A.B. asks: 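Submitted below is the structure of interest, expressed as structure tokens.
Please read these numbers as outputs of a predicted model, since none were measured by experiment.
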Amino acid sequence: MSPHVLVLGGTTEARELAAALTARPGTRVTTSLAGRVSRPGAVAGEVRVGGFGGAEGLAEWLREQCADAVVDATHPFAETITANAARAAAAAGLPLVVLRRPGWHPGPRDHWHPVSSLPAAADLLPRLGHRVFLTTGRLGLAAFAHLRELRFVARSVEPPEPPMPPHTHVLLARGPFTAAGETDLLREHRIDVLVTKDSGGAATSAKLTAARDLGLPVVVVRRPPLPDGVTAVPDVRAALRRLDAAHRP
């Protein structure tokens with residue numbers, strides 16, 4: 001019987017992993033997308049869209065579909081999905097592989113202010129600047145809605161919904177971005193502080209280079225911790241090795 005791997009996707013790494021797995025003869029791959037982006041990129045193998053109904057619903061799906069392994073390759077801040085994946089894989093008796101691209105690290109010329117959450121970032125902002133480049137995604141704007149005295153430029157892939165800060169200019173764009181382009185953007189909007197999540201990866205890291213070159217402070221929201229007993233691998237190659245090891249006799 002063909003091995004069946006469920007990939008919880010939505011990231012570049014998830015698409016790369018699905019392509020690598022489907023290239024293996026006899027391997028069935030289902031990638032699950034949350035459905036928050038209206039035009040996701042093409043994904044190899046089978047695709048399902050929408051939630052499972054929590055950890056219990058996911059465990060039931062794994063049993064019904066005769067899955068052999070689960071790979072959580074969601075965004076590093078998809079904390080609830082990761083927790084549900086860990087619980088569901090344990091309930092179904094299946095191996096779980098968590099694929100997370102490495103986070104960013106500041107250099108000697110960076111002026112980073114690490115915080116634990118979006119509300120903590122909002123509390124810090126008034127002390128750092130007045131014109132904010134906000135790159136925390138469309139679902140994070142509510143944490144800054146009370147900052148009526150600040151001016152925001154918010155960038156997201158999809159249009160955000162209220163609540164959001166009253167003085168917000170929305171830019172719709174999808175990476176990758178260049179350092180030159182990010183520098184021009186920061187200068188054009190006279191940005192004096194950047195807010196970002198530690199998403200990692202090269203596609204959106206150019207804003208950090210631009211902020212460094214312009215000497216701007218950067219508020220960096222740290223990643224949530226992984227569930228107890230769960231460790232992550234940093235790339236597709238390591239995820240494939242972990243899957244192979246889990247099914248080695």
Side-chain angles (χ1 to χ4, degrees), residues 7-20 31-44 47 49 72-79 81-82 99-107 110 112 114-115 118 121 131-141 143-144 152-161 164 168-191 193-214 216-224 232 234-237 239:
V7 178
L8 303 175
T11 61
T12 300
E13 292 80 11
R15 291 193 294 273
E16 293 174 353
L17 179 63
T31 297
S32 177
L33 303 175
R36 291 176 178 171
V37 177
S38 60
R39 291 181 296 173
V43 180
V47 177
V49 178
D72 172 15
T74 56
H75 192 275
F77 284 81
E79 186 175 8
I81 297 175
T82 299
L99 172 55
R100 289 287 185 273
R101 69 185 73 134
W104 295 315
H105 297 282
D110 287 309
W112 285 17
V115 294
L118 291 176
R131 303 186 67 87
V132 184
F133 185 31
L134 193 59
T135 63
T136 56
R138 66 187 178 94
L139 300 179
L141 269 64
F144 305 88
F152 290 85
V153 174
R155 183 168 65 196
S156 63
V157 175
E158 300 281 328
E161 298 178 357
M164 67 179 70
T168 301
H169 176 70
V170 175
L171 297 176
L172 299 181
R174 185 195 299 268
F177 304 102
T178 66
E182 297 290 68
T183 299
D184 290 343
L185 185 153
L186 294 174
R187 285 175 170 159
E188 176 186 352
H189 294 278
R190 295 180 291 126
I191 299 297
V193 58
L194 166 66
V195 182
T196 187
K197 293 178 176 178
D198 181 15
S199 300
T204 59
S205 65
K207 61 194 172 190
L208 301 174
T209 302
R212 179 190 311 126
D213 291 343
L214 295 175
L216 301 182
V218 181
V219 180
V220 181
V221 182
R222 292 188 293 262
R223 296 179 177 188
D235 54 37
V236 170
R237 182 178 299 181

A.B. asks: I want to check something: taking the side chain as every heavy atom from C-beta on, are R222 and D198 in contact at a cut-off of under 4.5 Å?
C.D. replies: no
A.B. asks: Give the C-alpha distance, both sets of side-chain angles, the deciding distance and a yes or no for side chain to side chain contact (heavy atoms under 4.5 Å, CB included) between S156 and L172.
C.D. replies: CA-CA 5 Å; S156 63; L172 299 181; 3.9 Å; yes
A.B. asks: Atom CD1 of I191 and atom CG of L134: how far apart are they, to the nearest 0.5 Å?
C.D. replies: 9.5 Å
A.B. asks: Within the 4.5 Å heavy-atom criterion, are W104 and T204 side-chain neighbours or not?
C.D. replies: yes
A.B. asks: So, the side chain of R155 versus the backbone of A173: is there a donor-acceptor pair under 3.5 Å, distance only?
C.D. replies: no
A.B. asks: Side chain to side chain contact (heavy atoms under 4.5 Å, CB included) for L118 and K197? Distances and angles first, verdict last.
C.D. replies: CA-CA 9 Å; L118 291 176; K197 293 178 176 178; 4.3 Å; yes
A.B. asks: Less than 4.5 Å apart, side chain to side chain, heavy atoms only: is that true for H169 and F152?
C.D. replies: no
A.B. asks: If every non-hydrogen atom of S205 is compared with every non-hydrogen atom of G201, which pair is closest and at what distance?
C.D. replies: CB-O, 3.4 Å
A.B. asks: Short question: side chain of R223, backbone of S199 - any donor-acceptor pair under 3.5 Å?
C.D. replies: yes
A.B. asks: To the nearest 0.5 Å, tell me how far L185 CG sits from L194 CG.
C.D. replies: 10.0 Å
A.B. asks: Side-chain contact, heavy-atom cut-off 4.5 Å: T136 with F144?
C.D. replies: yes
A.B. asks: I need the F177 CZ to K207 NZ distance, nearest 0.5 Å.
C.D. replies: 8.0 Å
A.B. asks: Using every non-hydrogen atom in the two residues, find where G9 and A14 come nearest and quote the distance to one decimal.
C.D. replies: CA-CB, 3.5 Å
A.B. asks: Should L214 and R187 count as side-chain neighbours, where that means a heavy-atom distance under 4.5 Å?
C.D. replies: yes
A.B. asks: Show the nearest heavy-atom pair for residues V221 and A121, with the distance to one decimal.
C.D. replies: CG2-CB, 4.3 Å
A.B. asks: Quick one: closest heavy-atom pair of G10 and L33, and the distance?
C.D. replies: N-CD2, 3.5 Å
A.B. asks: If I take atom CG from residue L141 and atom CD from residue E161, how far apart are they, to the nearest 0.5 angstrom?
C.D. replies: 11.0 Å
A.B. asks: Would you say H75's side chain and F77's backbone share a donor-acceptor pair under 3.5 angstrom?
C.D. replies: yes
A.B. asks: In plain terms, say whether E158 and R138 are close enough for a salt bridge, that is, a side-chain N and a carboxylate O under 4.0 Å apart.
C.D. replies: no
A.B. asks: Strictly below 4.0 Å, N to O, side chains only: are R212 and D110 in salt-bridge contact?
C.D. replies: yes
A.B. asks: Output the distance between atom CG (L208) and atom OG1 (T135), rounded to the nearest 0.5 Å.
C.D. replies: 8.0 Å
A.B. asks: Would you tell me whether T82 and R100 have side-chain atoms, one donor and one acceptor, within less than 3.5 Å of each other?
C.D. replies: yes
A.B. asks: Do you know which two heavy atoms are closest between A239 and L17, and how far apart they sit?
C.D. replies: CB-CD1, 4.3 Å
A.B. asks: Shortest non-hydrogen contact from A210 to T183?
C.D. replies: CB-OG1, 3.3 Å
